[in-house]
Amino acid sequence: LGNVSSINTVEIIIDNQAAITNSLLESGLYNTNKAVDLTSNEPASIYYTTDLSTPTTSSIKYTNAIIVSQTTTIKFFSVDSVGNIEEVKSVEIGIDKQAATTSASVASGAYTSNQSVALTSNEQTTIYYTTNGSSPTTSSQEYSGEILVSETTAIKYFSVDQVGNTEGLQLIEITIDTQSPITESSVASGLYNLFQYVELSTNEPATTYYSLDGSAPTTSSAVYSEILEITSTTTLRYFSVDSLGNEEATKKTVEIEIDS
């Protein structure tokens, strides 16, 4: 009969390429919670885990950004519409919200010699400090080596870690006292016709040692605690030692002659 059918077309697409899935957040260390978006270059189902196990098609199916609030490894892969399976990938997100702790090698206090102050942190940081009483900022001096303290100084400091966590302000106060105390007698050497009452005073808190027989006093000698009554001719010798151990270099002498 010569009947001729119309021409039919069948289009066959061969797709043996798996989708490519990526995390929009790179592996790294962060100081805030992160939302991790996973995207594929073609329509696909994405499966993932956050417990270090290898994901399968029975794992959690990705639908929305994954909220990461602590250090987490996300492992993921995708399956496209024709069943091509991607190799498993991973993104490692470190969450560090804790500022470093920075310590000084020298404690606040008074010292009789120059001090070298080392500042150390419990993790990798940048330390900023001042020695002029002002509060340091990230524009202040950056610590790179021991700080030599040769006079009374307040060192204020703080650190910033690699992800920007900022430590609270720290302070050490160092007093350098290399000066010996100065002791004075209320009575001068001389001839007197009445008993004398001698008061020994110092220009700072100190312990005063004395002798009444003309011998050189030591730290084993009598400790001055009250006014001395001198009733006969006496050679008084004395010196002081302050609370840090600075010792008066010269042992002073007062010669009191009583002629009554």
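On a predicted model such as this, the values are computed, not experimentally measured, just so you know. Residue numbers run from 1 in the order of the sequence given.
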Output yes when a side-chain donor or acceptor of [X] lies under 3.5 Å from a complementary backbone atom of [Y], and no otherwise.
| X | Y | result |
| --- | --- | --- |
| T130 | N132 | no |
| D161 | T125 | no |
| T49 | S53 | yes |
| N41 | I20 | yes |
| E255 | S189 | no |
| N165 | D96 | yes |
| T21 | F77 | no |
| T235 | G214 | no |
| N31 | K97 | no |
| E173 | A154 | no |

Minimal non-hydrogen separation, [X] against [Y], with atom names:
| X | Y | result |
| --- | --- | --- |
| E248 | T183 | OE1-OG1, 2.7 Å |
| S69 | N33 | CA-OD1, 3.3 Å |
| V36 | S23 | CG1-OG, 3.4 Å |
| I46 | S40 | CD1-OG, 3.6 Å |
| I174 | Y111 | CG2-CD1, 3.9 Å |

Practice task
Decide yes or no on side chain to side chain contact (heavy atoms under 4.5 Å, CB included) for V88 and F76, but give the supporting numbers first.
Solution key: CA-CA 5 Å; V88 174; F76 59 91; over 6 Å; no

Exercise for the section: Compute the ring centroids of Y209 and Y224, then answer whether they are less than 6.0 Å apart. Expected result: no

Exercise for the section: May I ask you to check whether F158 and Y128 place their ring centres under 6.0 Å from each other? Expected result: yes

Is there side-chain contact between [X] and [Y], with heavy atoms separated by less than 4.5 Å?
| X | Y | result |
| --- | --- | --- |
| D37 | L25 | no |
| E167 | V160 | no |
| K89 | N22 | yes |

Taking [atom1] in [X] as the centre, count heavy atoms belonging to other residues, nucleotides or ligands within less than 6.0 Å. Is the count above 12?
| X | atom1 | result |
| --- | --- | --- |
| E146 | CD | yes |
| Q98 | CD | no |
| E151 | CD | no |

Problem - Y238 six-ring face occupied by K252 cation (under 6.0 Å, within 45°) - result: no

Handout entry: For S159, the option from T166, T101, T102 that meets side-chain hydrogen bond (donor to acceptor under 3.5 Å, both in side chains)
Key = T102

Problem - side chain to side chain donor-acceptor pair (under 3.5 Å) between E86 and S78, intermediate numbers included - result: CA-CA 5 Å; E86 183 183 21; S78 65; 2.9 Å; yes

Exercise for the section: State yes or no: do Y192 and L228 share one hydrophobic cluster built from I, L, V, M, F, W and Y residues joined by side-chain heavy-atom distances below 4.5 Å, directly or via other members? Expected result: yes

